[in-house]
Amino acid sequence: VIDVLCGRLRWSGALVLTEALTCSLSSRSASQSDTAALPDRMPEGDSAGESIHGKPSAIGNFFKRLGQIYQSWLDKSTPFSAVRWAVTLILTAVYMIRVYILQGWYIVTYALGIYHLNLFIAFLSPKVDPSLLDDPDEGPALPTKQNEEFRPFIRRLPEFKFWHSATKGIVIAMICTFFEAFNVPVFWPILVMYFIMLFCITMKRQIKHMIKYRYLPFTHGKRTYRGKDDTGKPFAS
């Protein structure tokens with residue numbers, strides 16, 4: 001009886017082991033077939049991802065195109081400095097008339113004046129501060145005498161950037177006048193007095209800096225050479 005039971009147990013163990021091996025082989029073959037099928041499916045996923053995330057949206061294309069048009073107009077307006085500043089002065093007059101009619105937004109106007117004053121000081125200042133140089137004569141400066149050699153004055157803020165920033169400030173201030181949240185009640189004569197005092201103090205400091213380091217932020221003194229006259233001698237104007 002014991003031998004019979006042992007034989008049956010061995011037979012049942014062999015069956016269980018066979019079934020386990022069969023299941024493991026079938027699962028391994030299924031996993032191999034899935035991995036073999038993955039390379040065929042991955043390119044589809046990649047192409048789908050590229051089609052969704054690789055191409056910019058219509059809104060992004062619109063703003064990009066708008067920026068390109070804006071930059072092209074800026075590049076075209078670069079040589080026409082008189083026309084650019086005339087447009088800026090017209091915008092300033094329109095803004096001042098609007099503030100006068102509305103009788104408000106004085107704090108925005110004060111901030112705009114301070115911003116323009118900072119731009120103007122940067123426009124008058126040299127790119128390299130002479131006070132930071134060992135030899136002040138090495139800094140860029142214009143001639144102070146007629147026969148002195150011309151040295152170009154390099155500004156900290158170029159004329160085009162000065163105009164562009166000033167115009168943007170006026171446009172932003174104009175937009176602020178359409179929102180009541182920026183209409184902070186304030187006694188405007190005090191703001192006018194503060195701005196005049198700040199302007200006088202700042203310009204006095206800037207003029208002292210010009211006198212101390214002997215530079216002029218203007219280019220009208222440059223000598224222009226026209227060539228030779230009838231005698232063969234070069235002359236300048």
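All of these numbers come straight from a predicted model, not from anything done at the bench.
In this model, a donor atom of one side chain and an acceptor atom of the other lie less than 3.5 Å apart for Thr177 and Arg98. There is a side-chain donor-acceptor pair under 3.5 Å between Trp85 and Glu159.
Counting side-chain heavy-atom gaps under 4.5 Å among Ile, Leu, Val, Met, Phe, Trp and Tyr, the cluster of Ile69 also holds Trp73. With side-chain heavy atoms closer than 4.5 Å counting as contact, directly or through intermediates, the hydrophobic cluster containing Ile97 also holds Ile101. Summarising the hydrophobic clusters (Ile, Leu, Val, Met, Phe, Trp, Tyr; side-chain heavy atoms under 4.5 Å, direct or chained), the residues clustered with Ile211 are Ile207.
Listed here is the closest heavy atom pair of Leu91 and Met174: O-CE, 4.1 Å. Contact detail for Pro79 and Asp75: the closest heavy-atom pair is CD-O, 4.1 Å. When all heavy atoms of Met203 and Leu124 are compared, the closest pair comes out as CE-CD1, 3.9 Å. Considering every non-hydrogen atom in both Pro217 and Met210, the closest pair reads CG-CE, 3.6 Å. Counting all heavy atoms, side chain and backbone alike, Tyr106 lies closest to Leu191 at O-CD1, 3.8 Å.
Side-chain rings of His209 and Tyr213 approach one another, their centers coming within less than 6.0 Å.
Counting only heavy atoms from C-beta outward, the side chains of Arg155 and Pro126 never approach each other to under 4.5 Å. Side-chain contact between Ser81 and Phe160 is absent, with no heavy-atom pair separated by less than 4.5 Å. Counting only heavy atoms from C-beta outward, the side chains of Lys204 and Ile201 never approach each other to under 4.5 Å. Put simply, the side chain of Leu112 reaches to within 4.5 Å of the side chain of Tyr95, judged on heavy atoms. At a threshold of 4.5 Å between non-hydrogen side-chain atoms, the residues Phe162 and Phe120 count as touching.
In this structure, Tyr100 is not a member of the same hydrophobic cluster as Ile175, with clusters built from ILVMFWY side-chain heavy atoms closer than 4.5 Å. Transitive grouping of hydrophobic side chains (ILVMFWY, heavy atoms separated by less than 4.5 Å) keeps Leu89 and Leu119 in distinct clusters. Hydrophobic clustering, with ILVMFWY side chains joined whenever heavy atoms are under 4.5 angstrom apart, groups Val186 together with Val108. When the side chains of ILVMFWY residues are joined at heavy-atom separations under 4.5 Å, either directly or via intervening members, Met193 and Trp188 end up in a single hydrophobic cluster. Linking Ile, Leu, Val, Met, Phe, Trp and Tyr residues whenever their side-chain heavy atoms come within less than 4.5 Å leaves Ile172 and Phe179 in two separate clusters.
Residue Leu117 holds its CG atom at 5.0 Å from OG1 of Thr202, rounded to the nearest 0.5 Å. Atom CZ of Arg156 sits about 4.5 Å away from atom OG of Ser125, to the nearest 0.5 Å. The line from CZ of Phe199 to NE2 of His116 is 13.5 Å long, rounded to the nearest 0.5 Å.
Evaluation of the side chain to side chain contact (heavy atoms under 4.5 Å, CB included) rule for Tyr194 yields Tyr110, Ile190 as partners, not counting sequence neighbours. Under the side chain to side chain contact (heavy atoms under 4.5 Å, CB included) criterion, Ala86 pairs with no residue, sequence neighbours left out.
No more than 12 heavy atoms of other residues, nucleotides or ligands shown are found within 6.0 angstrom of CD1 on Ile59.
For Asn183 (side chain) and Trp105 (main-chain N/O), a donor-acceptor pair under 3.5 Å exists by modelled atom type.
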Tell me which donor-acceptor pairs under 3.5 Å the side chains of residues 164-171 have, and how far apart each pair is, sequence neighbours excluded?
residue	atom	partner	partner atom	Å
His164	NE2	Tyr70	OH	2.6
Ser165	OG	Lys161	O	2.9
Thr167	OG1	Thr88	OG1	2.9
Thr167	OG1	Trp163	O	2.8
Thr167	OG1	Trp163	NE1	3.3

